[in-house]
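A quick write-up on the structure given underneath.
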Amino acid sequence: MACESALPAIMDEQALMGLNPNADACYRQRALAYFEQLKESRDGWGVCAEALVKGVYSDDHVKFFCFQVLEHQIKFRHGSLSAAQQQLIRETLMKWLQAQLMNSHPEKPFIRNKAAQVLALTFVKEYLTFWPKFFFDILALVGLNPNGVDIYLRMLMAIDAEVVDRDILHSPEETRRNTLIKDGMREQCIPALVESWFQILQTYQHTHSELTCQCLEVVGAYVSWIDLNLIANDRFVNLLLSHMSMEELREEACDCLFEIINKGMDPVDKTKLVESLCQVLQSAGFFNVEQEEDVDFLAKFSRLVNGMGQSLVLSWTKLSKTDLKVSAETLHAVESKVPLMLQLLIHEDDDISANIVGFCYDYLHVLKQLPALSEQQKSNVEAIMLAVMNKLKYDDEYNFENEGEDEAMFVEYRKQLKMLLDRLAQVSPELLLESVHRVFNATMQNWQTVQFMEVEVAIRLLYMLGEALPASHGAHFSGDTAKTSTLQAMMRTLISCGVSGYQHSSVTLEFFETVVRYDKFFLVEPQHIPSVLMAFLDHRGLRHSSPKVRSRVAYLFSRFIKTLHKHMNAFIEDILSRIQDLLELAPPENGFPALLSNDDQLFMFETAGVLIVNGESPAERKQALMRSLLTPLMEAFRMLLAKLPQEGDEERQVVLADCLSHAVGFASRTSKAFSNKQTVKQCGCSEVYLDCLQTVLPALSCPVQRGPLRSAVRSFIHRMIICLEEEVLPFIPAASQHMLKDCEPRDLQEFIPLISQITAKFKNQVSPFLQEIFMPLVMAIFEVLSRPAEENDQTAALEKQMLRRSYFSFIQTIASSGMNEVMASQGAENIERVLFTIIQGAVDFPDPVAQKTCFIILSRLVELWGGKDGLVGFPDFIYKHIVPACFMAPLKPTFDLSDAQTVLTLSECTLTLQMIHLKRGPECIQFLQEYLPSLQVSPEITQELCQVLQQPDVKVLKNYMKVFFQQAKL
């Protein structure tokens, strides 16, 4: 239906049937189309307005639909409506509202909310112009009618969302409009609104808790930007306090008081407000927390006390810079809230405790700034410390094997407590160390008879000291003797008291975490290493019954060995024999779950590598150990690789390929122990890894599961280039040939970095190989890039973009490695073909990352081939293609000079022009004087550009070119 055509005065009944959520899909589709039709038609909204006013439809979904059409009209077409149409909308809304006053069955909440939104939108559009008496008209109509009050309050919250809510993003224009609306409301109607709120609260506090709570929410929302004296006065505050004693209202009243306290104001006034409120709350008995059983209310109350405390701290911070007398009084006010804060902090309900942490943290920050602490303040610090230590404990309900939402919330709460502990350490490090020492010793003496949460928290506190008491690079056992001797004593106790055998996974994990956090302790007291190694290796660690513990211990064990490898010589072979079964490749057909996952095994192989490489055995022994570590892996690899092509079932193929990939990954991980080729040679391990390389390379020619196998082998070659250097080179040509067969974009994308790594590392050594592989690789890339793809296939488009970038990076690597003979030897036709792709990349594809690389390549090629003894025919190419590219690319509409990446591209483009001038001299200037007029550049600007190009300062040239293109695009 055309937008202009008039709609019949009755609605499409069949289309309306589709509004019901349970309607058939075809009806729903028709309803959607009808909605669009009504929205777009010039007078369709009038039909909806009439339906609402006359109450034509009883179906809730139809009423909602009518409001939606009206909402769209007001939101997007209000400006184009005639004065009569705007008046009709106002009348419609007021008549609908009037009808609600008489309604014995109020509308469903979702309809009332939608109506409130439409009223709010109308207010925003018309308050400053056509309807300044908006609120007075609404209040006059609604009075204290409960149905009317409900919609009035919902509307006020909707106005808050449109005009005030800071979480909603507004355009600068909307922000200006909202400021004008608030200013107008403050001048004209806020006192009347506040009076209406008071009347509503007073009228309905005993009879209609829902309305009263809604009204309290409105007061809380508006108090941040209206005159506080209208609310913070005796009659209003007394009313709010009376609500604090009513079960159904108290939580909302608490939130309302919190918003009042949170309002930004002068620090002296804020202190007075908080203190007067506290006085009233205290005398009303609200500070007797232990007598309160309603935890939901206490959580709100805790938030209120937190707000009051933080407000006082903020006032103190401001006043301490200006008025010492008043700041001392404010500090006294802060201190007087500490007993209540402690009661809430130690409360058994974590939500109540978590809500007060902010005030607690800020109070400690105040103490940190004081020159000295009074006895009372020291006692407060100690009380906070004990509360934190107590609250860190797990409770009986915590589910360690299946952690859900409650467990996640406790972990977050623990993080907050950790922040408090760190702050305590800044205020009084000695006290913290002494308190932890006391708790730790008392618990460790009786760990066999103490509950797990007590034991866990005692070890946890020792662990947390590591971050709370700072030490450079974990050097906790040198420097301050008081600290080091206490930490050493606790570590000695931890290791020797037998607590590592405690039968609870949380204690076990905390033991190993702490041992590894303080691994430097073993450099000071190496005699404890054997007993900790045993804990790692037996049922307490890697053989623990919980997979979660085994997994974490595998990682911690690798860290422990890496730090202390110099102290491991006596234990190497014993450790290797004890972990031998953990270094086996889990066979795919085995139905039993392995002790460790594949990721965990990576840490075990790395650990084994570190032990072998860093031991003091002769090279032959190291080679033998490394061979015995890797031979079983390679034998399994050969066997599985032989099986894979014969396997018909694709799911089984995936499992086998996965297993093969893990085998290669494990072998690769053992090499992490070597720092460079020298170490590999010194250990006599080159041969072992070359054998591995020969074993895994045949996987490249496997006809099935190419992707994962190629990826695994490629990663291994990358690693071997670092470890074995030129010893790898004989294997590269055949491997490359296989990797270029039947390529997918991702295969090529991952193969190019390998060739680039070889090019950059070996340069001229690999020149013959590169000359041979260059065109096959380029042709494979061209073939993949030319494959057709669906127009909307974002993944394919992105893969091609990434491949294009990789291709240009490869050319850049060759050009910048000074290996121009690789390209020069490809024959004129091939060279030209490659050069055209670089020009195309610089100009045609709107990808600043690739464009920048292309200009770097062009600049380098001009430097190599653009001189007198350069490549035959290249100067022609410069003038026909490279110089035009330097102008055509930045002139493209997609070349966005406000984008940082594009500006970098322009910089490289400018350097290319400079390089051409450097190599070709006056000839280049002469060409530009002939070429630029063809781009409609005036003779004056042409002359100016040529002069700037000839001066030596590249920065001047870059700035000039940026302005040149900005002007050209105007």
Next on the checklist: A side-chain contact here means heavy atoms from C-beta on lying under 4.5 Å apart; do Q929 and I925 qualify?
Outcome noted: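 Heavy-atom side-chain distance check passes, below 4.5 Å.
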Indicate whether any N or O donor in one side chain lies under 3.5 Å from an N or O acceptor in the other, for [X] and [Y].
| X | Y | value |
| --- | --- | --- |
| D600 | S551 | yes |
| S825 | Q771 | yes |
| K763 | S817 | no |
| T670 | Y689 | yes |
| T695 | R638 | yes |
| T910 | Y960 | no |

Item to check | Cation-pi geometry met for R669 and F603 (6.0 Å, 45°) | outcome: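 So R669 does make the cation-pi contact.
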Next on the checklist: Using a strict threshold of under 4.0 Å (side-chain N to carboxylate O), is an ion pair present between R804 and D847?
Outcome noted: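 The answer is no: the pair does not qualify as a salt bridge.
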Item to check | Lys/Arg-Asp/Glu bridge criterion (N-O < 4.0 Å) met for E750, R714 | outcome: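 R714 and E750: salt-bridged.
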Checklist entry - Which pair of non-hydrogen atoms, one from A780 and one from L748, has the smallest distance, and what is that distance? => result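 For A780 versus L748, the nearest heavy atoms are O-CD1, 3.6 Å.
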Checklist entry - Going by the salt bridge (charged side-chain N to carboxylate O under 4.0 Å, His left out) test, which pairs reach into residues 808-834, not counting sequence neighbours? => result none
Item to check | Residues F874, Y879; criterion ring pair (Phe, Tyr, Trp, His ring centres under 6.0 Å); working and verdict | outcome: CA-CA 9 Å; F874 194 71; Y879 294 126; over 10 Å; no
Next on the checklist: Can you classify the ring geometry of F666 versus H662 as parallel (below 30°), tilted (30 to 60°) or perpendicular (above 60°)?
Outcome noted: parallel
